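A, B, ... follow the sequence lines: proteins, then strands. Residue 1 opens every chain. As the structure is a computational prediction, the values presented were derived from the model and not from experiment. Keep in mind that the numbers below use all heavy atoms, side chains included, and drop hydrogens, waters and symmetry copies.
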2 protein chains.
Amino acid sequence: MVTDPAIELVVNTVSASNALLRASRRVFRPFGLSEAQFNVLQVLQDADDQLSQRELSDILIVDRSNITGLIDRMEKAAWVKRQPAPGDRRAYRVALTPDGRRLWRQANAAYVQAIARVTVNLTPAQIKAVSRVLPVMERSAHALELELAAAE
Amino acid sequence: MVTDPAIELVVNTVSASNALLRASRRVFRPFGLSEAQFNVLQVLQDADDQLSQRELSDILIVDRSNITGLIDRMEKAAWVKRQPAPGDRRAYRVALTPDGRRLWRQANAAYVQAIARVTVNLTPAQIKAVSRVLPVMERSAHALELELAAAE
DNA sequence: ACTAAACTGTTGACATATCATCTATTGGTT
DNA sequence: AACCAATAGATGATATGTCAACAGTTTAGT
């Protein structure tokens, strides 16, 4: 079967991402965390608890409605809490709890270790080269998505 | 803040894959197809209708149980049909219908065109370089997944 | 100041995914 | 032949994701 290199690139990218996500599920499972929940912890940690659900959905690039249930479950687990957003009665300010911060620290350590494992067979030059190229394709994909969405 | 090049690589890979999947959702939507359903059509097309649900799940790297609902919906849409597997009363042989084959042809044309769009800013050398590196990381991720799954 | 538009979060319908568990078969060992 | 482990597919619980529609708030334009 003759395969166009561009098609191969797209297939390889999605395929590698799937493998990474499947492995990360195993990494996070001992902590009772999903990939999506780890991302929320990560983003909140980086942002110093200043985020509304809308900002979370923008950063994580998922629908607003998705954040509702995600934060519901994480709040029930006492890893985050919703507080009223000062000056806007529509919105919440989502904050890590001390438990959430502790969990992030542990899960992140395991995550960093796992990343070292999955990149051990790559040279620094390869890592940098791929890291430079992929965002170019990502931007094109995003532009295409917006264009097709607007054409509805 | 992400600074380690290896972490950046993983983030960029997953992020690019997400952008590709979101764009492909737009590409397939006019056909009433999801990404997962397109993949089923693609695999069946390549395999000349010789696949059981187990083989589909192995190729697509998803759980067996996932295939049940996927094929249920696609059979209801009359794109595929289940036939008894000769010599094994537990299994089915899943086949494309003429409608399914026609749909695959149209959706694939749109898909190929979309891929040309998202890779237009990359040089052939970049495309080949990334396509060579990503499978190495994918194999490491898969090995890690298996190792962690076995450790339960 | 008022109205219309835009925005935030929630809800419900649905698709996709995992996982554990079930039934029915198949196949290998003794 | 009889038994028992492995396999194929289905099912139900749960999580994540989209999308459309809604209520309540905020903001912009006149």
With sequence neighbours left out, what residues match [X] under salt bridge (charged side-chain N to carboxylate O under 4.0 Å, His left out)?
| X | answer |
| --- | --- |
| R90(B) | D88(B) |
| E75(B) | R82(B) |
| R89(B) | none |

Tell me whether the side-chain N/O atoms of [X] come closer than 4.0 Å to OP1 or OP2 in [N].
| X | N | value |
| --- | --- | --- |
| R82(A) | dT10(C) | yes |
| R73(B) | dT16(C) | yes |
| R22(A) | dA17(C) | no |

According to side-chain hydrogen bond (donor to acceptor under 3.5 Å, both in side chains), who are the partners of [X], at least two apart in sequence or on a separate chain?
| X | answer |
| --- | --- |
| Q106(A) | none |
| S15(A) | E138(B) |
| N12(B) | S131(A) |
| S24(B) | E35(B) |

Quiz item: Is there a residue in residues 86-97 of chain B whose heavy atoms reach under 4.0 Å of DNA chain D, and which residues are they?
Solution: R90(B), A91(B), Y92(B)
Quiz item: Could you state the CG-C1' distance from L51(B) to dA8(D), rounded to the nearest angstrom?
Solution: 14 Å
Exercise. Would you mind reading off the distance between N18(A) atom CG and dG17(D) atom P, rounded to a whole angstrom?
Key: 13 Å
Quiz item: Can a salt bridge be assigned to the pair R54(B) and D58(B) using a cut-off of 4.0 Å between side-chain N and carboxylate O?
Solution: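 Salt bridge present between R54(B) and D58(B).
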Quiz item: Under a 4.0 Å heavy-atom cut-off, which of residues 33-43 of chain A touch DNA chain C?
Solution: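 Residues of residues 33-43 of chain A that come under 4.0 Å of DNA chain C do not exist, since none gets that close.
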Quiz item: Is there a residue in residues 60-72 of chain A whose heavy atoms reach under 4.0 Å of DNA chain C, and which residues are they?
Solution: R64(A), S65(A), T68(A)
Quiz prompt | Sequence neighbours excluded - salt bridge (charged side-chain N to carboxylate O under 4.0 Å, His left out) pairs with any residue from residues 102-119 of chain B | solution = E147(A)-R117(B), D99(B)-R102(B)
Exercise. For Y92(B), enumerate each residue passing the ring-ring contact (aromatic ring centres under 6.0 Å, His included) test, keeping only those at least two apart in sequence or located in another chain.
Key: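 Y92(B) satisfies ring-ring contact (aromatic ring centres under 6.0 Å, His included) with no other residue.
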